[in-house]
Amino acid sequence: MKTIKYLIVGIIFGIILTKAEVISWFRIYEMFKFQSFHMYGIIGSAVVLGVIMFFFFKKGTIKDYKGKLIELEPKKKGFARTLIGGTIFGLGWGLIGACPGPMFILLGRGAWSIIVVIIGGLLGAMLYHAIKQKLPH
Amino acid sequence: MDFLMEPWPWYVGGPLIALVLFLMHFFGKKFGVSSNLETICAIGGAGKLVDFFNFDWRKSGWNLMFIVGSLIGGFIAFKFMSPSEAVALNPQTVQDLAEIGFQNAGSKFLPDEIFSIETMMSVKGMAILLLSGILVGFGARYAGGCTSGHAISGLSNLELPSLIAVIGFFIGGLIMTWLLIPLIF
């Protein structure tokens, strides 16, 4: 099972996001109310370390487990898609306080109503691909 | 052992998320959760309705393993590492929420006013859960990523599209939190 390592990294991820309370609806609400540094500190420190890490990936100082150069896939370009798509995402994130990762972590702790949110997420992804030709990108 | 039982501050959580980002790249992949929504659609046969979903989802098996793992991690942390469900919120947040009808904010991870089974069984409660899920799924795939792919990975790679996406996340989140949530609840 070559993919077992991703399962283990996922387990670590689920524990981290639970223990750091990132999966709490209240923490997301508090963040958008600018009433706590907690979420900004989490995302900010992860990004600062990420920038340093990616610098060493690009330089080739840090290679992957097979000794190969780590290639970073560029994001899809487009002002409209990222701004409009991002805003739609933010409306959902602000309301339900969970982005896709936390949805699955919350399911793991038995928050059964999150199943409806996940079904919504699947429908939303389907809807996007059904109508994407008509959308500005 | 105390440390494992206490809630983790931001300066522990953030660097550990960076560790997850590192491990995914070290193991030859990337860190991005929302593309799993497409993979699950493909497994569920969405290709019959929308041609896009006729891709070979087996190639995304590693990412599915990641979310299955995160589900297990959520279970482990809840069962064995969470003696208390309380979230230490800013008292102002608790008061603001009380004013719009959220009782005992922060006494649990999730508000009953959105997530309890009773709320889910009501038409309004069900609509909120389903609609917010649709917004998250649609928006993430339209934008080409979610918090993990854009806010963490994309910003780490100094990607302009990710910066625009994150600005969008905040425009949407602020509109929802400041304008719409007081109307909805």
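Proteins come first, then strands; the chains are lettered A, B, ... in the order of their sequence lines, and each starts at number 1. The figures that follow rest on heavy atoms only: side chains count, while hydrogens, waters and symmetry mates do not.
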Please look at [X] and chain B and tell me whether the side chain, the backbone, both or neither of the residue comes under 4.5 angstrom of a heavy atom of that chain.
{"X": "A:F54", "value": "side chain"}
{"X": "A:K77", "value": "both"}
{"X": "A:F55", "value": "neither"}
{"X": "A:L106", "value": "side chain"}
{"X": "A:I70", "value": "side chain"}
{"X": "A:M53", "value": "side chain"}
{"X": "A:L17", "value": "side chain"}
{"X": "A:K63", "value": "backbone"}
{"X": "A:I52", "value": "neither"}

Go through the atoms of [X] and report whether side chain, backbone, both or neither lie under 4.5 Å from a heavy atom of chain A.
{"X": "B:E85", "result": "side chain"}
{"X": "B:I184", "result": "side chain"}
{"X": "B:I76", "result": "side chain"}
{"X": "B:F185", "result": "side chain"}
{"X": "B:L110", "result": "both"}
{"X": "B:A127", "result": "neither"}
{"X": "B:L158", "result": "side chain"}
{"X": "B:W62", "result": "both"}
{"X": "B:L129", "result": "both"}
{"X": "B:M126", "result": "both"}
{"X": "B:E159", "result": "side chain"}
{"X": "B:V136", "result": "both"}
{"X": "B:K79", "result": "neither"}
{"X": "B:S162", "result": "side chain"}

Evaluate the ring planes of [X] and [Y], with Trp represented by its six-membered ring, and classify them as parallel (under 30°), tilted (30 to 60°) or perpendicular (over 60°).
{"X": "A:W93", "Y": "B:F169", "value": "perpendicular"}
{"X": "A:W25", "Y": "B:F102", "value": "parallel"}
{"X": "B:F138", "Y": "B:Y142", "value": "perpendicular"}

Margin query: One thing to verify: whether A:R27 and A:E30 come together as a salt bridge, which I'm taking to mean a side-chain N less than 4.0 angstrom from a carboxylate O.
Written below: yes
Review point. Do B:D56 and B:R58 sit within salt-bridge range, that is, some charged N less than 4.0 Å from a carboxylate O?
Key: yes
What one should report as the nearest heavy-atom pair of A:H38 and B:W8 is CE1-O, 3.7 Å
Closest heavy-atom pair, A:G50 versus B:L21, reported as atoms and distance to 0.1 Å, is CA-CD2, 4.0 Å
#### Entry: Ring centres under 6.0 angstrom apart (B:F31, B:H25)
no
Can you see whether B:S153 engages B:S156 through a side-chain donor-acceptor pair at a distance of less than 3.5 angstrom? no
Examine distances only and state if a side-chain atom of B:N104 and a backbone atom of B:S107 form a donor-acceptor pair shorter than 3.5 Å.
no
Query raised in the report: Taking the six-membered ring of B:F109, is NZ or CZ of A:R109 closer than 6.0 Å to its centre and within 45° of its axis?
Result: yes
CD of A:E73 to CD of A:E71, rounded to nearest 0.5 Å, is 10.0 Å
* Are A:L107 and A:L122 grouped together when hydrophobic residues (ILVMFWY) are joined by side-chain heavy atoms under 4.5 angstrom apart? -> yes
